[in-house]
> 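Would you mind keeping the following structure in view while I ask a few things?
Convention: sequence-line order gives letters A, B, ...; per-chain numbering from 1. For the numbers below, each heavy atom of this structure counts, side chains included, while hydrogens, waters and symmetry mates do not.
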Amino acid sequence: MPELPEVETIRRGLALKVSGRRIVRAELRRPDLRRPFPPLLERRLTGARIGALARRGKYILLELDDDGILLLHLGMSGRITAGAANGEDARHDHVVLTLDDGTVVRFNDARRFGLLDYLRRGEEARHPLLAGMGPEPLEPGFDGPYLARALDGKMTSIKAALLDQRIVAGLGNIYVCEALYRAGLSPRRLAGTVAGTRAAKLAAAIRAVLHEAIEAGGSSLRDYVQADGELGYFQHRWAVYGREGEPCPGCTCAEGVRRIVQSGRSTFFCARRQR
DNA sequence: AACAAGACCTGCATGC
DNA sequence: TGCATGCAGGTCTTGT
């Protein structure tokens, strides 16, 4: 899935096509994704006018004119397309919205790790999926001192800590690997030892890699396209992710990028440049 | 309480 | 060709 840059890219692309439009038809083609759809979702969506689109971490919040909010998460393989047919296997088009200008919005998710929920405006802070989520890394306030405080005393690895959405919202496996590489920190380092200058450097690296990825339209993976079907291209700029055995940029060590498994997930790093 | 491991799903690449 | 295995952007639940 899409991590923060991909979700942000989708949010922007989708907003251009759906903001201000009315939903004339809502089809739920199965009863659930990762969890059951909320009750009456089909009825709540039908006839609603779509307002602004917001993002919190990896969630998209689609505001509706009846004071409702449609909450979307893409899981690992979720795609949202608006307009032409998405070229995907229609078996996995689980939710299809038709808008008043004829635009068709499809939520396609082969693995079904995604989710949809419905909440009332003002409930965001109390919603179980959103409450407790850490700060937005691109907002003011996400800096070295915050990160050092959040990591203080943590006995898990810095890799695992950064994947924890309560510490910082929106990072996933790719951008955690890339940020740790840029900050020169080993993914195996104890989270609690990241403080002071190290924390400041890490916070800056997280912000920089996310900014650059958003600029590039995200990273295109097997299951990801932007709302208009275009491909992002940040994957060409990955320094370590998916590059096992290759030299990292500007590094002369013979070993190259290593892959290890941490809490069941691949971590890519350079043992020489990351300590 | 904090942490690690397992579970949830499908599709694809690889190797025999 | 067919089959088994391992791997994939996430996070929720279970067990220690």
> Considering residues at least two apart in sequence or located in another chain, which fulfil the side-chain contact (heavy atoms from CB on, under 4.5 Å) criterion with A/P187?
A/K159, A/L180, A/Q262, A/T267, A/F269, A/Q274
> Just checking A/G264: base, sugar-phosphate only, or nothing, at a heavy-atom cut-off of under 4.0 Å?
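Contact class for A/G264: none.
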> Ignoring the backbone of A/K154, work out which of B/dC3, B/dT10, C/dA8 is nearest its side chain.
B/dC3
> Checking all strands, does A/R166 fall into the base, sugar-phosphate, or nothing category for heavy-atom contacts under 4.0 angstrom?
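Touches nothing.
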> When the C1' atoms of B/dG11 and C/dC12 are considered, how many whole Å apart are they?
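These two C1' atoms come out 22 Å apart once rounded.
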> For the base of C/dA8, is there a side-chain donor-acceptor partner from A/R111 under 3.5 Å away?
yes
> Quick one: which of C/dG10, B/dA4, C/dC12 gets closest to the side chain of A/R34?
C/dC12
> Just checking, any donor-acceptor pair under 3.5 angstrom between side chains of A/Y118 and A/E123?
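Checked: A/Y118/A/E123 side chains show no N/O donor-acceptor pair below 3.5 Å.
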> Starting at atom CG of A/L33, determine the distance to atom C1' of B/dT10, rounded to an integer number of angstrom.
13 Å
> Figure out the CZ/C1' separation between A/R265 and C/dA8, and round it to whole Å.
9 Å
> Can you list everything that forms a ring pair (Phe, Tyr, Trp, His ring centres under 6.0 Å) with A/Y181? Sequence neighbours excluded, please.
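Listed in chain order: nothing, the list is empty.
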> Answer yes or no: side-chain N or O of A/R112 and base N or O of B/dC9 forming a donor-acceptor pair under 3.5 Å.
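There is none.
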> Of all the choices, C/dG10, C/dC7, B/dT10, which nucleotide is nearest to the side chain of A/S266 once you look at every atom?
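Of C/dG10, C/dC7, B/dT10, C/dC7 is nearest to the side chain of A/S266.
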> Map every base of DNA chain B to its dot-bracket character, where paired means a Watson-Crick or G-U wobble contact with both distances under 3.5 Å and | marks a partner outside the strand.
.|||||||.|||||||
> With the six-membered base ring of B/dC8 as reference, does the ring of A/F113 sit under 5.5 Å away with planes under 30° apart?
yes
> Taking the nucleotide of DNA chain B with the nearest heavy atom to each, does A/H92 or A/T156 sit closer to the 5' end?
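Mapping each residue to its closest nucleotide by heavy atoms, the 5'-most match is A/T156.
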> Nearest to the side chain of A/M155 - C/dT11, C/dA8, B/dC3?
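Selected nucleotide (nearest to the side chain): B/dC3.
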> State which of C/dA8, C/dT11, B/dC3 makes the closest approach to the side chain of A/R259.
C/dA8
